[in-house]
Amino acid sequence: MGILEGLNPQQKRAVTAPPGAVLVLAGPGSGKTRVLTHRVAYLIRHREVAPWHIMAVTFTNKAAREMRDRVVELLGGSLDGLTIGTFHATCARILRREADRWYATADYVIYDRDDQEKVVKQALQRLNLDDAKFPPRMMVKLIGRAKNELITPQLYRAGAYVEEVAGRVYAEYQALMKKSNALDFDDLLMQLVLVLDAEPTVMKKYQRRYQHILVDEFQDTNTAQYALLKRLAAEHGNLFCVGDEDQSIYRFRGADWRNVRRFREDYPESETILLEQNYRSTQIILDAAQGVIRPNPHRTHKALFTERRAGARITVHEAYNEDEEAEFVVNTILRMIGASGRPQRAKPGDFAIMYRTNAQSRRIEEAFVRAGMSYRLVGATRFYARREVRDVIAYLRAVHNPDDLVSLLRIINVPPRGIGAKTVAALRDWAEQAGASLGAAIAGMAEGSTSGPGMPPPVAGRASRAVSRFADLLAGWVARSETTPVADLMDLILEESGYRDRLHDGSPEGEERWDNVLELRNVASEYPETTLSEFLEQVALVSEVDNLTEELTAPTLLTLHAAKGLEFPVVFIVGLEDGILPHRRSWDDPEQMAEERRLLYVGITRAMDRLYLLHCFRRSAWGDAELGRPSRFLDDLPPALIAGAGEHLDRRVGRRAHRDRLLPGLARPAQAERRAVLAPAGPSFETGQRVQHSVFGEGVVIESEPADGDEIITVAFEELGLKRLLASVAKLEAIGEG
DNA sequence: AACAAACGGCTTTTT
DNA sequence: GCCGTTTGTT
C-alpha cells in the first residue's frame with residue numbers, strides 16, 4: 001500500500017481514479033508530478049497493467065527523468081518497456097521505427113530553428129523571392145504555426161499576401177527538407193500524426209501498445225500534440241491529463257490552453273479533479289500570486305491554500321537602474337547568507353533570480369562577478385548554439401546523413417580548404433541535373449569511387465583537387481562511423497579536417513572555443529555505447545535546462561519560462577516594468593497579455609519563503625536610457641502583502657508619482673544615498689596588502705579607488721590574475737603585509 | 001580566397 | 001551594445 005501513503009484525499013482520488021479520461025487541474029506546488037508518478041505506479045501495481053502498455057509524456061527531459069526515477073523508486077527494480085519521455089523524443093523514436101512507412105529514412109536528422117532559417121533561405125532563392133522582403137524568421141514562424149495546426153502545404157490557405165508567399169515557401173521548404181532527409185521540431189509531431197492517419201495498421205499497432213496514456217503540463221499541448229493523444233487513446237479512452245491553465249506559457253510555440261476545454265468536450269464522461277492544496281509557498285506568496293492571476297478571463301477558479309503560516313511580506317523595490325537593481329539582488333543575498341545567529345541561515349543555492357528575457361541576465365551576472373560570488377546561469381547563450389559546437393555537430397551530421405545539405409554547406413569550406421562559393425554553386429548545379437544530393441555528388445569524387453552522377457565534375461584543376469580531397473576525408477569518416485565510438489570519431493574529424501588547428505591559434509577566444517568543443521566531446525564520451533544516430537538525436541532534443549544539476553551551491557539565474565516546474569526558498573523577479581513584463585510585443589493582443597500575466601504568476605509561485613519584485617526607474621535599451629514604468633501587474637498585488645507599505649501601498653499613486661517625475665533635469669537622485677545604505681563604509685585596503693578571498697583565493701591589492709562612498713579595489717590573485725572588486729561586497733580578509 | 005572594417009537589425013519566451 | 005552579414009581590400 002506504500003503507493004498511496006502520504007497523499008492527501010484529492011491526490012489519492014486522482015491516483016486511484018478508474019481507467020478512462022481523467023483531467024486533473026492542479027495549482028502550483030500541489031504535487032502534480034507526484035500524482036502522475038504515483039498513478040503510473042498504481043496502474044502497474046494495483047491494476048496489473050504491464051509497464052509496456054504505459055506511455056507518460058512530459059515537455060522537458062528533466063521532468064521525464066525525474067518521473068522515471070520516482071516510479072522506479074516507488075516500485076523498485078527496472079520497468080522494462082515503460083515509455084516515459086518528452087513528446088518530441090517519443091515521436092522521434094516512433095518515426096525512426098516506422099521510417100519505411102514514410103518519406104524519410106531512419107537516418108533522418110533533426111533541424112533546429114537556425115537550420116530551418118537556412119532552409120527557408122534556400123527555398124526563397126529557388127522561388128526567386130527577396131529574403132529582405134520576406135524575412136526567413138517570419139517564414140519559419142508561419143510554417144511552424146501551420147505545422148502545429150496540422151496544416152500541410154497542400155492544405156495551406158492564405159488570408160493575406162504574406163501568407164500566400166508563405167504557402168509557396170512552405171511547399172518548397174518541405175521539398176528541401178525531404179531531400180535533405182531532415183525533420184524540424186514541428187515535423188516530429190505532425191509527420192507522426194500524418195503517418196498514423198495514412199497507415200491504419202500503424203495506428204492500430206500503437207493504439208494497442210499504449211493502453212494508458214498520461215500527460216503532464218497538459219495546458220502546454222498544441223493542436224498536433226492533442227491530436228496525437230486523441231488518436232492513440234481512441235480505442236480505450238484511457239487518457240490521464242494533468243495541468244494548470246494558469247501556467248500555460250508556451251503559446252508562441254502553438255500551445256493552446258483551450259485544449260483543456262476541448263478535452264472536456266471530447267470526453268464528456270471524463271472526471272475532473274482539482275488539486276488546490278499547495279505544499280510549497282507561504283500564504284502571502286499564494287495570495288500575491290492569486291491577486292496577479294485573477295484578472296485573467298476564462299479560468300477554472302482554484303482556491304489555493306496552504307497549511308504553512310502566512311510568512312514574510314513581499315518586498316517591492318524600485319532601483320535607479322539595472323546596475324542598482326542587480327546590486328540590490330546581490331547585496332540582499334549576501335546579507336541573507338551572512339546573517340548569522342538566525343535559526344536557519346540561507347545557503348547560496350536557495351536563491352533564484354528570474355527575468356523575462358535572456359538579455360537581462362548580463363547585468364545581474366556582472367554584479368555577481370563584482371561581488372566575487374559564483375552563480376549558475378541557465379540557458380542564455382546556449383551551448384548548442386555556439387558556432388564551434390554547431391560546426392562540429394554539422395561534421396557529424398554530414399557523416400551520418402550525406403543528404404544533409406545545411407550541414408554540408410556549413411562545413412564544406414570550414415576550415416578554408418579552397419572550395420569557394422563558385423565551386424559550391426557549380427557542384428550544386430551538377431548534382432541537381434543528375435538528380436542527386438550535393439553530398440552524394442561530392443562522394444562520387446572521392447578516390448576510387450564508382451558512384452556519383454554519370455557526368456564529369458564541372459570543376460577542374462585546383463578546385464577539383466580540393467573537392468576530391470574533401471570527398472576523401474568524408475568517405476574515410478563515413479567508413480569508420482559505424483564501428484567507431486562517437487568521441488573517437490570526433491577526434492578523427494577534428495584532427496583530419498584541420499578544425500582543431502584552426503581553433504588552436506593561440507588566442508584566448510580560440511582556447512574558449514576549443515574548450516566548448518571538448519565539452520561536446522565529453523558529452524559523447526560519457527556514453528561510449530551511444531551510436532552516432534542516437535547521439536545526434538540527443539543533441540537535438542535535450543536542452544540545457546535539462547542538464548541542471550541537482551545539488552545547488554550557487555544562486556540560479558534563469559528566465560521565467562525556464563523556471564517552470566522548479567522551486568526556490570527565495571525568488572527575485574527583476575525588470576518588472578511595462579515593456580519588459582508585460583513585454584511590449586504583447587501589448588496589442590489580449591491573449592498575449594493574459595499569457596504575460598501567467599508568466600509572472602509562474603514566477604511568483606516558484607517562491608517558497610521570500611519574494612522580491614524589482615523594477616527600475618531608468619532602463620537602458622540598446623545603448624540609451626529610457627524611463628521605466630512600473631509593471632501594470634504590480635497594481636494587482638494586494639497592498640497589505642507588501643512590506644514597507646508607505647512607498648507602494650497604492651500602486652496607482654505610485655505610478656502617478658512616477659509620471660510626475662518624468663521631468664527634465666533629473667539627475668541620479670537616489671544613487672549615492674542608496675549606496676550609502678547598502679554599502680556602509682567597509683574596511684579599506686592599501687596597495688600591497690595581501691588578501692584572502694573565499695572563492696578566488698589569495699592575492700595582492702594592486703590599486704584602490706574610491707567610488708560613491710565605497711571602494712573599488714584591483715587585486716592580483718595567484719590563480720586567476722586581476723579582478724576588480726567592490727570592497728564592501730567582496731568578502732575580502734586582510735592577511736598581513738605582502 | 002581570406003581577412004578586416006563597416007553596417008544594420010534586433011530581443012520575447014523553447015522542444 | 002551585440003551579433004552576424006555585407007562590403008572592400010589584399
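Note on naming: letters A, B, ... go to the chains in the order of the sequence lines (proteins, then strands), and numbering restarts at 1 for each one.
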Problem - Length of the line joining Q360(A):CD and dG1(C):C1', which is rounded to integer Å - result: 15 Å

Problem - R137(A) side chain near dG9(B) phosphate (N/O to OP1/OP2, under 4.0 Å) - result: no

Completion exercise
In whole angstroms, the gap separating P of dT15(B) from CD of Q538(A) amounts to 14 Å

Practice task
Give the nucleotide from the list dA2(B), dG4(C), dT15(B) with an atom nearest to the side chain of H88(A).
Solution key: dT15(B)

Exercise for the section: Before accepting this row, confirm whether a basic side-chain N of the pair R262(A)/D256(A) lies closer than 4.0 Å to the acidic partner's carboxylate O. Expected result: yes

Exercise for the section: Round to a whole Å and report the spacing from NZ of K422(A) to P of dA1(B). Expected result: 8 Å

Exercise for the section: Give the rounded distance in Å between these two atoms: CD1 of I573(A) and C1' of dT13(B). Expected result: 15 Å

Practice task
Answer yes if the side chains of T530(A) and E534(A) hold a donor-acceptor pair under 3.5 Å, and no otherwise.
Solution key: no

Exercise for the section: Classify the nucleic acid contact of R598(A) as base, sugar-phosphate or nothing, counting any heavy atom under 4.0 Å across all strands shown. Expected result: nothing

Practice task
Could you tell me whether Y250(A) contacts a base, only the sugar-phosphate backbone, or nothing, with contacts defined as non-hydrogen atoms closer than 4.0 Å?
Solution key: sugar-phosphate

Exercise for the section: Looking only at side-chain atoms of T357(A), point me to the closest of dT13(B), dT15(B), dA1(B). Expected result: dT13(B)

Practice task
Could you work out which one of dG4(C), dT11(B), dT14(B) sits closest to the side chain of A359(A)?
Solution key: dT11(B)

Practice task
Please determine if a side-chain N or O atom of N358(A) lies less than 4.0 Å away from the OP1 or OP2 oxygen of dT13(B).
Solution key: yes

Practice task
Rounded off to whole Å, could you give me the CG-to-P distance for the D220(A) and dT14(B) pair?
Solution key: 13 Å

Handout entry: Interatomic distance where CG belongs to L560(A) and P belongs to dT14(B) [whole Å]
Key = 10 Å

Exercise for the section: Remember a base hit wins even if backbone is also touched, and classify F59(A) as base, sugar-phosphate or nothing at under 4.0 Å, heavy atoms. Expected result: sugar-phosphate

Handout entry: Full working for ring pair (Phe, Tyr, Trp, His ring centres under 6.0 Å) between F218(A) and F263(A)
Key = CA-CA 10 Å; F218(A) 180 63; F263(A) 180 92; 5.7 Å; yes

Problem - Trace of the salt bridge (Lys or Arg N to Asp or Glu O under 4.0 Å) decision for D186(A) with R253(A) - result: CA-CA 9 Å; D186(A) 305 315; R253(A) 68 172 190 219; over 6 Å; no

Handout entry: Distance test, side-chain N/O of T559(A) to OP1/OP2 of dT14(B), below 4.0 Å
Key = yes

Completion exercise
Checking dC3(B), dT15(B), dT14(B) against the side chain of R502(A) (C-beta onward), the nearest is dC3(B)

Completion exercise
With Y108(A) as partner, the option from N401(A), L188(A), L536(A) fulfilling side-chain contact (heavy atoms from CB on, under 4.5 Å) is L188(A)

Exercise for the section: Determine the Euclidean distance between corresponding C1' atoms of dT11(B) and dT6(C); express it in Å to zero decimal places. Expected result: 22 Å

Problem - H583(A), nearest nucleotide to its side chain (from dT15(B), dC3(B), dT11(B)) - result: dT11(B)

Exercise for the section: Would you indicate, yes or no, if dA2(B) has its OP1 or OP2 atom less than 4.0 angstrom from a side-chain nitrogen or oxygen of N413(A)? Expected result: yes

Exercise for the section: Report the distance from atom CZ of R65(A) to atom P of dT15(B), rounded to the nearest whole Å. Expected result: 13 Å

Completion exercise
Between CD1 of I580(A) and P of dT13(B) the distance, given in whole Å, is 11 Å

Handout entry: Nearest-nucleotide 5' precedence on DNA chain B, P415(A) against E596(A)
Key = P415(A)

Handout entry: Given dG4(C), dT15(B), dA2(B), the nucleotide with the shortest approach to the side chain of P416(A)
Key = dA2(B)

Practice task
Using modelled atom types only, decide if a donor and an acceptor are shared between the side chain of D187(A) and the backbone of Q191(A) within a distance under 3.5 Å.
Solution key: no

Problem - Nearest listed nucleotide, side chain of R362(A), among dT14(B), dC2(C), dT11(B) - result: dC2(C)

